[in-house]
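Just so you know, these numbers come straight off a predicted model, no measurement behind them. Throughout, a chain's letter reflects where its sequence line sits, starting with A, and its residues are numbered from 1.
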Amino acid sequence: MNLLLPIVTGVLYAAGIYMLLRRSFVKLIIGFTLLGNGVNLLIFLMGRLAKGKPPLIPDYADVIPGLYADPVPQALILTAIVISFGLQSFAIILIKRVYAIANTDDLDEINTTDDYA
Amino acid sequence: MKYFGQSAFFISSIEYEDNWHIFARMTAAVLAGFIFALLMPIMRRVSLGRFAILNSLLPLSLFVWFASFLFSGLEGNLSSHLEWAFGASLSFKLDGLSLIFALLITGIGALVFAYSASYMKGNPYLDRFYAYLSMFMAAMLGVVLSANALTLFIFWELTSISSFFLIGFKNKDEASRKSALVALAVTGFGGLALLAAMLLMGAVTGTYSIEAMLLQPDVFASSPYTTLILVLIFIAAFTKSAQFPFHFWLPGAMKAPTPVSTYLHSATMVKAGIYLLFRFSPVFTDLALWSNTLMTVGCITMVFGAIHSLFRTDLKSILAYTTISALGTLTFLIGIGTREAIIAALVFVVVHALYKAAMFLIAGIIDHHTNTREVTLLGGLRNAMPLVAVAAFVAALSGAGIPITFGFIGKDLVYEATLHQGNMSLWLTIIALVTNILVGVAGFIAAIKPFAGRLPDALNGTKAPGPVLWFAPILLAILSLILGISPGLMDHTLLIPSLDALAINTDGVYLKMWHGINTVFWLSMVTIAGTVLIYLTAKPYKYLSGIPAKLNMLAPQTIALAMVGSFAQIATAWNKAFQSGHLRYYVLISIITILAIAAAVHLPGFHWHFDWSMIRSVAVYEWVLVVILIASVLFTVFTDSRLAAVASMGVIGYAICLIFVIYGAPDLAITQFTIDTLTVILFILVLYKLPKYLKLTRTRSKLRDGAISIVFGTLITAVVLDVLSLDRPVYISSFYADNAYLLAKGKNVVNVILVDFRGIDTFMEIVVLAVSAIGVFGLLKLKVKRHDV
Amino acid sequence: MNTLILRTATKYLLPLLLLFSVFILLRGHYLPGGGFVGGLVASIVFVLHALAFGAEATKKLLGLHPGYLIPIGLALALLSAMMPLIYGKALMQGLWYDQPVLIIGSLGTAIFFDIGVFLVVIGVVLTIILTLIELQKE
Amino acid sequence: MNENFIFVPLIIHLAAATIMLFAWGRIKFQRWFAILSNAAALIVASALFGMVWNQGIVTVQSGGWKPPFGITMVADTLAASLVLLTSIVGLAVSIFAAGTIIPQRVKYGFFPILQILFLGLCGAFLTGDLFSLYVWFEIIIISSFVLLTIGGEKMQLEGAVNYFTLNMLSSLIFLTAIAIIYGITGTLNMADVAMKLPLVEHPHLVEVTAIFFLAGFGTKAAIFPFYFWLPSSYHTPPDAVSAVFGGLLTKMGVYAIIRVFSLLYADNALISEIITIAAGCTILAGGAAALVQNNLRRLFSYLIICHIGFMIAGIGIGSVLAITGVIFYLFHDIIVKTNLFMVAGLTHRMTGTSSIRDLGGIYDKYPMLALLMAVPLFSLVGIPPLSGFWPKIGLISAGFTDHKWIISGLIILGSFFTLIAIAKLWAEVFWKPSKEIYARPNFTFWNKLGVKRKLLYLVPIGFLAALSLFIGLGAGVIEPVAERVALELSDTMIYVNAVFKTKQ
């Protein structure tokens, strides 16, 4: 799994970036979701893998005995997930509004701000 | 980032015999003009309209103050000093050289201020006009008095800016705006060159004090940067003093009101470049590059200007080109650099200022009273304005170097200089001769022709100008007569102190009118004869005036404008290429850049060997999980239906959720699960109205993007594997694990980290959520119309 | 969506799940869970309710516009974070009430902070989704 | 003073935002309360700066956990002065916004979001922890999204799409870098990372993180080739918003580059080289493009890019003199750029357009106001001795002393571009006779405004103009501050010792 998960991470990054390069705004947002998952997985890997050992202190002890999963990346990912949820929900609504105004999600149709005024 | 301790600090400046009242007086003298300019909006009631002439009291009093030094003498060097920032300091120094220029600036300033009161009468913006004028005067004084290189630059730029405002004074007129811009572009460019030069000299000599710089000629002689410094100084001086090929802004600047042309573009500002050359000549004069460049450029400019002046029929542009020629002569003399040459240059500065100012003012009067500046339409005004005619006559004589005017002295000195130059003296003398004759003729055309001959009917009933107008030219004429008859007045008051300032041996220096019958005498005679002859016989301007138009495509101005135009095109093209409006290209460029650099940095150091144990240890359900994950990723990417894509995104999320479960992250699992569900719900709520994807991109670009993304993904995988090959640093996490319960009273370490160890992050993250909620709310509810105010 | 099943389901699940979410919130310090997860679960419950009965009904159930939960939560979190400053300690430094309390375990500022998080999360999710659902109706 | 004082600016902003959320939709209250709270923030920030100036670097541990376990807040001279500048801009803009932001926008939470943006900026300046730097950045991004889109005009939304995409991408890259840093050092506290990074076995990994950081912050700072989002979005929102963005957001990126690269990647020649090259391209791209713009606000946007190039160039050169220049330029730029966009708002109010072709006649109609507006414009050009001029001395001569001829030359070229761009602008907007101005439905022109509205325009512009005059004429006062910052940055151990409270 120390080999497979890095590959999965890479796949998620690749897929995300590929989606960012499409012309559809929806695909772009999906791309960000994929990238976000990739990043979370990467952070998780950075704490190294420890199978089946959640960072919980058992009732009988004051500290975790033996090997356990690194809690720090978990905390970071939790924060990251929630933050990206906030941003994504905003982006999703942005899709809706842009579609309502431009009546398309083709990014090439909504680039008037780069024209010369 | 590197660290150079010493580079931050400069020797502030060499020691001055500082005392408070000197500093006060010098600074006050320089800043008075600025303060006056600032007060103008407030005191416009007083200082405009009938009392406008009172404005000339400012330059007049300054003139008197400076003039006092003519007799009291400059005890050593009168100087003052105050640190500012970055090595710049408010330090001023009055020596002979500065004094000459200071007197010109304030003296002619006084005349112009007074003249304008009548010339610009009734102009609603007269207050601005005086504000700019006095601002300019102050800046100019700053230039010639600064003892600190950076301060010199500061005032130098201020002259450019104030001249920008003065040239553009008739701001409604397209042409004035354009020529103001051109002037600013050229002089501003030169200004930046000057800044670079000064900073380089600072870096080389370790000081910004001009005095201290001038004390180390050997440093410049040896430094490898001297060439660069010289080139920069040349650019600065040539742009400011309108040397070929930078001269073209000056004729354009004649769009300014005539008093401005008089003050800035003949008598003072254009001489700032000359001052710069004077000031630094002591350290550079022995360098071949210095003398050769100055002599060559000076020659070209003076001949070029002289010839051009004959092709012009507009009074002001004739004068403009003769000015260019005169500036060329000065550069040329400084280039020769011998004692005679420097003396000639110093004298010629004064000579030219006197007669050229007079001519401009007279041109202004003519323009003002006849509403034309076209020489061919002018004539016979002597009866209408006799006093002005006299002044004009004297000015013309002085310009042509005819005795008893001061011009005669100046011209003689020029010949002295060329004759004693050495190896090339013959050629230089001939060039000087030709130039003098042509300039003399041009002067006649400009100053005598309008008054001579018979009066054209169009000009019948031209009124005589009031005293405020004719006073200034008359005074200037009288001055050049006085100095012409007894030039000795200049010796001990100005000439010798200036030579001292330039470290030139002064014994036996004295000016006189009569040198006896010698080469110089004959040259003068030839000059005068030639001038008069050509003026009387030929009337060149009538048929020559068409020629410049034909040669226009070769003119530096045309070339410069063409360059500007093509630059604009390039800039636009560049801008359109990058700011293409295609978001995906923006992303693409960013990604490729990151990818290229990161890969270039990472791959060389990346060594990783594969072994089977990594695969063998993988359990079956893990395989299944991974396969599902990748499959659904691919499906998400390639499906045509949005909803399907969203659904499979959900699957991806849940799969990752499972990974978290397996690897001991229950909190993450729950969070991921809930968030994922919510995201899917959101997507569906929004998307189920939108139509299917359109087929937008061509296969080629798809392949391109695919390749790039795969490479990027590979890079990430490589980096992760690289990190995993290092052993796990447990410092912090073990602290958390050990103290979560004992110190933070919690057994779920992750939660303890969230609410306690790293509480601030959590706090701020709910703030993020809050903001996004508000944003969404506004986005959905609020729709503003354009210009809704 | 088949609303009938959904409605009956939500009707009975709602109180249970809400209780569960509060439990998750309070036990977060000991078992997996905490403010986020609790908040998310609770909001999902309300979302289901909204999908079943419509946004209006949910708002009535809540008694106030969910948006107001946000400042309330923020204020609670801010206060619990500033509490230690009064005692001359650092921001967010844990203050603990020494007697252990039922269910929650030891009571401290951290819990109140977590409750703040809980409220904000609910407020945010509901604001977003209820507004959306309302617009879908139009 | 107690070190906890560092938290006070943050608390004020957050509390103010919360209170305004409670007062949802109450326009008058929100306007005045925003001004009030920002005034308070300004007072506090000045106090904090004074504290740092007298006591040296101040640090505090959130939750009282000793570093590197808790999140450290570090107020060194740089952070403190930037917090001060933020609150200055905050006050000016909130006054300007009170006069210019239309009721609908206020009703939908403009002011609380603005407050939270300031909160994010202050936090990002003060934090000493990599991951919480990320969190603060996210606060800045999300609130800037909201400010950018609030009102939902077509232009706004289209600009927002570009802005959103590139900034999201950058923060994901940034987050990746942080993760890798944690993976190789096992810590997130910047000072701690600075200590551990040199010990990492794979130096190339360290450089990869450097590149990712550069890309992440570079996008926010709008350096080449990551700046494209800026010119396509900064001219779309209300002027008050553009003012904050132009003044502070990109500088946030510059700050992050200064902080992270002076702390984690000091003495890395390769990185400095890359930074310098990027800076050169940035100056050229921004300056050249600025010369061919026809929209006032987009012209300013490109000038922002050009001048970001100056600062990045200084960072690339990296000597104390250069950094002094950079910091000085940062101070000047924050004040002046903010003011520029407010000036743009004023001209729009006078003429009803932002297109340079149609603008004109301000010089004749409003000479005194033209004079006022000239101050930021010419400060920007760096007409000596105005504020923009001084830092260039530091930057250029630093380039000379280190024989970085090309970059110094480019800085000079960039200054020339700026000079021409502004001079052209002056000739067009102020000198050119004005076009016929038609009355518009629901748009009140300047001369129709009441005194109160006019003051809400003029007070902030005058305030910032006065400040930039002070920075210019009083350069002797600003230089020591910048120099002290540079010296603090020049040695990593100063920061580290301050965090770990250890003495050398």
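Of the possible polar contacts, one joining the B:W84 side chain to the D:L473 backbone as a donor-acceptor pair under 3.5 Å is found. Between the side chain of D:E207 and the main chain of B:H602, no donor-acceptor pair closer than 3.5 Å is present.
Atom NZ of B:K170 has more than 12 neighbouring heavy atoms from other residues, nucleotides or ligands inside a 6.0 Å radius.
Using a 30° and 60° split on the angle between ring planes, B:W574 and D:F224 fall in the parallel class, below 30°. Using the six-membered ring where Trp is involved, B:F189 and D:F416 have ring planes that are perpendicular, over 60° apart on the 30 and 60° scheme. By the 30° and 60° cut-offs, the orientation of the rings of B:F86 relative to D:W390 is parallel. Ring geometry for B:F712 versus D:F212: interplanar angle under 30°, hence parallel rather than tilted (30 to 60°).
Taking the centre of each ring, D:F389 and B:F153 come in below the 6.0 Å mark. Between D:W405 and B:Y225, the ring centre distance stays below 6.0 Å. Aromatic rings of D:W431 and B:Y125 (six-membered ring for Trp) have centroids beyond the 6.0 Å cut-off, not under it.
Contact of B:L743 with chain D is made through backbone and side chain together, with heavy-atom distances under 4.5 Å. Only the side chain of D:I274 comes within contact range of chain B, judged by heavy atoms closer than 4.5 Å. No part of B:D173 comes within reach of chain D, as not one of its non-hydrogen atoms sits under 4.5 angstrom from that chain. Contacts of B:R728 with chain D are absent, with no heavy-atom separation under 4.5 Å from either backbone or side chain.
Considering OG1 of B:T593 and CZ of D:F226, their distance stands at 5.0 Å, rounded to 0.5 Å. In this structure, CG on B:D722 lies 5.5 Å from NE2 on D:H202, to the nearest 0.5 angstrom.
Taking B:T762 as the reference, nothing meets the side chain to side chain donor-acceptor pair (under 3.5 Å) condition, with sequence neighbours excluded.
The residue among B:I570, B:L724, B:I760 with the most heavy atom pairs within less than 4.5 Å of chain D is B:I760. Chain B forms the most heavy-atom pairs under 4.5 Å with one residue out of D:F328, D:F110, D:F430, and that residue is D:F328. Contact count against chain B (heavy-atom pairs under 4.5 Å) is highest for D:D364 among D:L166, D:N189, D:V477, D:D364.
Residue pairs meeting the side chain to side chain donor-acceptor pair (under 3.5 Å) criterion with at least one partner in residues 149-161 of chain B, sequence neighbours excluded, are B:N148-B:T151, B:T159-B:K240, B:S160-B:K240.
For the pairing with B:I597, the side chain to side chain contact (heavy atoms under 4.5 Å, CB included) check across D:L214, D:L270, D:I211, D:V208 returns one residue only, D:I211.
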